[in-house]
Amino acid sequence: MKEKLELIKHNTLDAISKCASIDELEQIRIDIVGRKGELTSILRSLKDLSPQERGEVGKLSNVIKETINDAIDNRKNDVERALLTNRLSEEWIDVTLDKESEFTSNNGYLHPLSQIQHEIEDIFTSMGFAVLDGPEVETEYYNFEALNIPKHHPARDMQDTFWTEDNNLLRTHTSAIQVRGMEKNEPPFRVIGPGRVFRYEATDASHENTFYQVEGMMVDKDISVSNLIFFMKTLLKEIFKKEVKVRLRPGYFPFVEPGFELDINCLICGGNGCSVCKQTGWVELLPCGLVHPNVLKSGGIDPDKWSGFAFGLGLNRLVMMGYGINDIRHFQSGDIRFVQQF
Ligand code: FA5
């Protein structure tokens, strides 16, 4: 009996040492020391032995059982460690790979309009503005009525509009985001709203039917034109990294009073006149003004307590000025040679 036990021990330890899988090790445990295992059956049959033999064999069986259990546990630890080391070496990522390597060179990059939008968001968030979003398909209310442009008002003709069959429209300007901003925020607040806008108009070197704007709005106590000019000048200085010649002239927008057109000296031709500035030397870039009391009212804000400024920056023209691009139609041309330059 003792030899039989020693043989089981020898064979089992040998099998354990060669085993490389957790499941197989568990199977060995079941087969040898489990409830119906080989060793357990021997222990059960001890009753047939003489009392002296029973004592010796019982003791030996228990020692062997313990040895086998320990060997299985140790081997399991070794196997688990080996599996983990394997995984670590297979799933290893080289975070130090340099930018120019094969891995990264085919990644996409941002369109110049997205780049400028992110830059403007950074400039304004650093001055305490929150960034808002709004839908591209808008209701008449948000695009016109809440902005003091009621039905049949001639100012609707200033922005040729794409209408949908259910009487909604493709927003003609990001000013619709102003209204949503007023509904969402209690004054005082400062928000900007970047986005794509659409107009039903003929295209030329400086006009597109689909272009980008960034709306801005600040509502606080005693806001004046000098607050407006400060923020506009800070923006242009940060964008162009130099002083740019600007001019402010009266402009009519029903949602501001007074309203202005801020033009910058054409950076394509240096002010001499070209197709982009329509030979005037100036490019209309940043209409702005003090928020009309009716607009504050439609946003649920008391115009006797609060005042504000708003602006609507045309992003395509801004990028054109920054890079000397002489035709706005390049932005949507889908020509990879154009976008690869930025
Ligand atoms: C507006 O859209 C007003 N919502 C701006 C505004 C906001 C005024 C807040 C006052 C207060 P306007 O239609 O001028 O205004 O457009 C604003 C800017 O968008 C223009 O200065 C120009 O840079 C750009 N823009 C307008 N039409 C086009 C077009 N067809 N193609 C490219 N850019 C355009």
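All ligand and atom numbering here is 1-based and tracks the order in the structure.
With salt bridges taken as basic N to acidic carboxylate O contacts below 4.0 Å, none links Glu24 and Arg75. In this structure, Arg180 pairs ionically with Glu138, as a charged nitrogen and a carboxylate oxygen lie closer than 4.0 Å.
Relative orientation of the Phe144 and His173 rings is tilted, given thresholds of 30° and 60° on the angle between their planes. By the 30° and 60° cut-offs, the orientation of the rings of Phe231 relative to Phe309 is tilted.
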Within the protein, flag every N or O under 3.5 Å from an N or O of ligand 1, and note the pair and distance.
residue  : atom   : partner : partner atom : Å
ligand 1 : 2 (O)  : Arg199  : NH2          : 2.9
ligand 1 : 2 (O)  : Gln213  : NE2          : 3.1
ligand 1 : 4 (N)  : His173  : ND1          : 2.8
ligand 1 : 4 (N)  : Ser175  : OG           : 2.8
ligand 1 : 13 (O) : Arg199  : NH1          : 2.8
ligand 1 : 13 (O) : Arg199  : NH2          : 3.0
ligand 1 : 14 (O) : Glu284  : OE2          : 3.3
ligand 1 : 16 (O) : Gln213  : NE2          : 3.3
ligand 1 : 19 (O) : Gln213  : NE2          : 3.1
ligand 1 : 21 (O) : Glu284  : OE2          : 3.4
ligand 1 : 21 (O) : Leu285  : O            : 3.4
ligand 1 : 30 (N) : Glu201  : OE2          : 2.9
ligand 1 : 30 (N) : Glu208  : O            : 3.0
ligand 1 : 31 (N) : Glu208  : N            : 3.0

Before you tell me yes or no, could you show the steps for Glu26 and Arg29 under salt bridge (charged side-chain N to carboxylate O under 4.0 Å, His left out), namely the whole-Å CA-CA distance, both residues' side-chain angles and the distance that decides it to 0.1 Å? CA-CA 5 Å; Glu26 271 315 307; Arg29 201 195 298 272; 3.4 Å; yes
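The side-chain contact (heavy atoms from CB on, under 4.5 Å) test applied to Ile328 returns Glu208, Asn316, Met320, Phe331, not counting sequence neighbours.
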